[in-house]
Protein chains: 2
Amino acid sequence: MTVAASRTLANDTAARIVAAADVLYYARGFQAVGMDEVRSAAGVSLKKLYQEFPSKEALVLAVLEARHEMWESGVTSAVSHAANARDGLLAIYDYLSSWFSDESFRGCGFINAFGELGTVFPSVAEMAREHKESFQRDVAALVARAGADASLAPQLALLAEGAQTTAAISGSAESARHARAAAEVLIEAALAR
Amino acid sequence: MTVAASRTLANDTAARIVAAADVLYYARGFQAVGMDEVRSAAGVSLKKLYQEFPSKEALVLAVLEARHEMWESGVTSAVSHAANARDGLLAIYDYLSSWFSDESFRGCGFINAFGELGTVFPSVAEMAREHKESFQRDVAALVARAGADASLAPQLALLAEGAQTTAAISGSAESARHARAAAEVLIEAALAR
DNA sequence: TGACTTTGAGAACGAACGTTCTCTAGATTG
DNA sequence: CAATCTAGAGAACGTTCGTTCTCAAAGTCA
């Protein structure tokens with residue numbers, strides 16, 4: 001077996017483990033899902049699992065990393081289909097709306113991870129912080145492109161954050177509509193100034 | 001010992017247990033704190049602990065109940081010192097700001113509980129839902145008193161929710177300022193219509 | 001083929017947790 | 001005082017979990 005092939009195989013295995021763990025962790029919480037259940041869902045031996053991820057903490061971090069990339073590419077894709085920066089900002093809330101409508105939606109995985117593991121694994125808290133900062137930067141870039149004052153960005157981000165937790169707890173996707181409506185008012189006011 | 005005295009004693013004991021558990025649960029998470037640690041912090045025997053709360057689930061629910069009442073009275077007090085309904089709405093964000101500045105602040109306890117225990121204890125998920133609905137009603141009542149359209153209420157609530165999670169993860173209280181600034185714009189726009 | 005390495009299945013281990021049980025010392029009551 | 005009840009301290013129990021270890025089967029290569 002060539003080096004390239006073995007690396008691909010290893011990545012495939014790791015990706016399969018991460019995908020299985022992500023579904024379980026997100027649906028039921030990190031502490032409620034044991035390594036043995038991940039092993040079973042991923043169809044892999046416990047030895048291989050610990051070979052790819054030397055501890056549960058490492059696996060959790062890999063899952064969050066993958067989740068961050070999924071989020072980032074989802075937002076980027078939604079924004080890129082908009083005609084201009086203003087519509088791009090609003091597209092974020094449409095993206096949220098479709099996410100909230102997904103049957104498996106259970107809030108922001110990073111907020112959940114922060115609350116559950118933030119104190120026991122500081123690395124998890126830091127990863128959540130990085131994820132949120134990354135989103136803030138994305139919004140700030142769009143706000144700048146739209147020609148609005150920079151203070152608009154954290155306000156729009158707050159609406160997105162609030163919509164996520166509200167949708168999770170209420171079980172309804174309507175918070176995305178409310179967030180979008182509020183964002184429209186804030187953007188209009190910022191552009192009129 | 002009279003019936004009244006024994007009831008008071010029982011309530012004192014229960015309140016002490018709840019207060020100790022609240023501090024521990026909020027600071028470190030529910031699953032990270034065992035019954036024995038609660039027992040030790042409350043200075044009570046394990047037998048008495050289980051006599052007051054027959055299970056950890058019951059204790060968690062009592063802690064959330066107490067947290068809800070603290071939140072409710074804090075908001076009510078902050079709002080009541082405002083000159084009018086509009087200022088009352090803004091006072092909510094000032095209240096959040098002072099809460100975020102507290103060293104022990106670690107996000108909304110209900111959001112944390114929902115993420116950590118929502119799937120294993122449906123009663124916890126329902127309690128979080130009730131808490132958030134209660135807040136929505138409070139905001140809606142203020143919005144009505146201010147004479148603004150009812151659609152403003154969920155928008156203002158989203159800002160408050162977003163500020164809480166953002167403050168928790170970022171470790172900064174500035175999200176309360178951003179939320180307040182956005183709320184001012186939304187309220188002004190709603191009243192001008 | 002035959003020696004050696006790798007792998008998978010799952011048993012095993014040590015720790016932690018929620019909950020219950022035991023035992024003893026002190027309080028209560030007739 | 002003697003008999004009975006209560007309550008506290010913590011041992012014990014059964015389970016779960018993260019992690020490691022065992023052992024036999026399969027694969028590799030000279």
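So you know, we letter chains A, B, ... as the sequences are listed, proteins then strands, and number each from 1. Nothing here was measured: the structure is a model prediction, and the numbers come from that model. Hydrogens, waters and symmetry mates play no part in the numbers below; they use all other heavy atoms, side chains included.
- Contacts of A:Val38 with the nucleic acid, taken as non-hydrogen atoms under 4.0 Å apart, are absent.
- If you measure from atom CG of A:Leu49 to atom C1' of C:dG10, you get 14 Å, rounded to the nearest angstrom.
- Of the candidate nucleotides C:dT20, D:dG8, C:dG8, C:dT20 has the atom nearest to the side chain of B:Tyr50.
- Rounded to an integer number of Å, the gap from CD of A:Glu57 to P of D:dC17 is 19 Å.
- The separation between B:Tyr25 atom OH and C:dG18 atom P is 7 Å, rounded to whole Å.
- For B:Ser55, the listed nucleotide lying nearest its side chain is C:dT19; candidates were D:dC17, D:dG8, C:dT19.
- Inspection of the B:Glu52 and B:Thr13 side chains reveals no N or O donor paired with an N or O acceptor under 3.5 Å.
- B:Phe53 is not listed as a side-chain neighbour of B:Val38, based on a closest heavy-atom distance of 4.5 Å or more.
- Closest approach to the B:Leu46 side chain among D:dG10, C:dG18, D:dG8 is made by D:dG10 (side chain taken as heavy atoms from C-beta onward).
- To the nearest angstrom, C1' of C:dT7 lies 9 Å from CD of A:Gln51.
- At C:dT7, none of the side-chain N or O atoms of A:Lys47 fall inside 4.0 Å of OP1 or OP2 (strictly under the cut-off).
- Rounded to a whole Å, the CG atom of A:Asp36 is 10 Å from the P atom of C:dA11.
- Taking atom CD of B:Gln31 as the reference point, atom P of C:dA15 lies 22 Å away to the nearest angstrom.
- What separates CZ of B:Arg39 from P of C:dG18 is a distance of 13 Å, to the nearest Å.
- Summarising the geometry, the separation between NZ on B:Lys56 and P on D:dT15 is reported as 19 Å, rounded to the nearest angstrom.
- A side-chain donor-acceptor contact under 3.5 Å links A:Lys56 to the backbone of A:Phe30.
- Side chain of B:Met35, nearest nucleotide from D:dG8, C:dA9, C:dT19: C:dT19.
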